[in-house]
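Report on one structure; see the data block that follows.
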Amino acid sequence: MKIKKYSILLFVMLTAITLKAQNDKPRSIQWSSKPGLQYEVYAAINIGGSAPIPMPAEIRHIDSYNPSLNLQIGTTITKWFTQSQRWGVAIGVRLEEKSMKTRASVKNYGMEIAMDGNTISGNWTGKVRTAYSSKQIAFPVTANFKINKRWKINFGPYIALALNNDFNGEVHNGYLREGGPTGNKVTFEEDAYATYDFSDDIRLFQWGLQAGGSWLAMRHLVINANLTWGLNDIFNSSFKTVSFDLYPIYLNFGFGYVF
């Protein structure tokens, strides 16, 4: 919750700075505009989740999905290579949260649960609730192409550093086979449940691709939409409890101020 408050405050401060810069036109802004540099500050909402591709046999049904409210705030510098500003390359930095909550029915799902002060692992069949959240700072590098004066598209890679990771939940209405599919059966019925927490097994560095577009609604106001697709598993390579990879896939919508 604190990071959202800080992000909103930071965006308000950046907007105030850009408005002042537009009015005052300091020498640094005047100088930087000559070689074809363009600056933007923006805010957006991330919608998506971390998903296996393709859906594994262990997940029999997604019972519910909540994408949560994920705020994104950042700034971008674009270098245009032609006088017409048709082609350019942008580098940026953004602070964002990627999170989701899901409920699913699974069979032989790799699991490590805490029960009565002890930890047991094996294959779970039954209901699973999962809450995932990752607060990150990301650095995209994208190629930009202007279709016309109002429309622009972009594509390129990004790398991200996680500032905080959470991946936890609970299991209920099912049973765990200790050690494997044929192990000792531990049953959870009615209100009985056990918890799990894989937060320490989430990797710190992620990378992927992003693609999207922008529409210049007013002289300085742009509307943005981008899809980011992570290309590495959110879990560390040494983590084997969950037997399939999860990829962060998020679509974001927002607005920016260009000067």
Side-chain angles (χ1 to χ4, degrees), residues 3-4 6-46 70-98 134-163 205-231 248 250-259:
I3 192 170
K4 292 181 179 179
Y6 295 154
S7 298
I8 294 172
L9 178 61
L10 179 59
F11 179 72
V12 171
M13 293 173 61
L14 287 173
T15 302
I17 291 171
T18 56
L19 289 172
K20 180 175 177 56
Q22 186 64 32
N23 292 328
D24 295 349
K25 294 186 181 296
R27 291 181 180 179
S28 60
I29 297 299
Q30 292 177 352
W31 177 87
S32 63
S33 63
K34 292 180 180 179
L37 293 179
Q38 185 181 69
Y39 303 86
E40 178 184 345
V41 291
Y42 61 88
I45 298 296
N46 272 333
N70 302 306
L71 183 65
Q72 179 187 97
I73 176 175
T75 183
T76 300
I77 301 175
T78 304
K79 168 62 178 177
W80 296 105
F81 295 123
T82 62
Q83 188 173 2
S84 63
Q85 296 189 347
R86 194 78 167 178
W87 289 94
V89 170
I91 58 174
V93 57
R94 64 176 179 256
L95 182 67
E96 63 183 342
E97 182 174 9
K98 295 180 176 180
S134 181
K135 299 173 179 63
Q136 304 176 353
I137 181 169
F139 304 91
V141 179
T142 59
N144 285 252
F145 175 72
K146 277 189 177 180
I147 300 174
N148 53 43
K149 291 183 178 181
R150 288 190 177 273
W151 287 97
K152 179 183 71 175
I153 58 176
N154 71 84
F155 177 78
Y158 73 88
I159 59 173
L161 170 66
L163 306 176
F205 290 95
Q206 296 181 10
W207 67 281
L209 296 173
Q210 74 171 56
S214 300
W215 176 58
L216 185 63
M218 299 174 63
R219 183 179 178 184
H220 299 290
L221 178 66
V222 293
I223 307 300
N224 301 315
N226 287 280
L227 174 67
T228 62
W229 193 300
L231 297 180
Y250 284 82
L251 182 65
N252 63 74
F253 299 94
F255 65 93
Y257 184 89
V258 176
F259 63 100

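The first residue of the sequence shown is numbered 1, and numbering continues consecutively from there. Atoms considered below: every heavy atom in the structure, side chains included; atoms not considered: hydrogens, waters and symmetry mates. Bear in mind the structure is a predicted one, so any value in this text is a computation, not a measurement.
- Between the side chains of Asn252 and Glu96, no donor-acceptor pair of N or O atoms lies under 3.5 Å.
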Exercise for the section: Determine, stepwise, if the pair Phe205 / Ile159 fulfils side-chain contact (heavy atoms from CB on, under 4.5 Å). Expected result: CA-CA 7 Å; Phe205 290 95; Ile159 59 173; over 6 Å; no
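- In the displayed structure, Leu161 atom CG is contacted under 6.0 Å by more than 12 heavy atoms of other residues, nucleotides or ligands.
- Rounding to the nearest 0.5 Å places CG of Leu221 at 8.0 Å from CG of Leu216.
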Practice task
List the steps and the verdict of side-chain contact (heavy atoms from CB on, under 4.5 Å) for Thr75 and Tyr39.
Solution key: CA-CA 7 Å; Thr75 183; Tyr39 303 86; 5.7 Å; no
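- Atom OH in Tyr257 sits 8.5 Å away from atom CZ in Arg219 (nearest 0.5 Å).
- Across Gln136 and Ala162, no two heavy atoms sit closer than the pair CG-CA, 4.0 Å.
- Among residue pairs with one or both ends in residues 148-157, those qualifying as side chain to side chain donor-acceptor pair (under 3.5 Å) are Asn154-Asn226; sequence neighbours excluded.
- For Asn144 against Val89, the heavy-atom pair with the smallest separation is ND2-C, 4.4 Å.
- For the atom pair Leu209 CG and Leu231 CG, the distance stands at 4.5 Å (nearest 0.5 Å).
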Problem - Check against side-chain contact (heavy atoms from CB on, under 4.5 Å), Phe253 and Ile45 - result: CA-CA 6 Å; Phe253 299 94; Ile45 298 296; 5.8 Å; no
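- The two residues Thr78 and Ala90 have their closest heavy-atom pair at OG1-CB, 3.5 Å.
- Closest of all the heavy-atom pairs between Thr82 and Trp87 is OG1-N, 4.1 Å.
- Heavy-atom contacts from other residues, nucleotides or ligands closer than 6.0 Å to CH2 of Trp229 number 12 or fewer.
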Problem - Verdict with supporting geometry, Gln210 and Phe155, side-chain contact (heavy atoms from CB on, under 4.5 Å) - result: CA-CA 6 Å; Gln210 74 171 56; Phe155 177 78; over 6 Å; no
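- In plain terms, the two heavy atoms of Tyr158 and Arg94 that are nearest each other are CG-NH2, 4.0 Å.
- Considering every non-hydrogen atom in both Glu40 and Asn224, the closest pair reads OE2-ND2, 2.9 Å.
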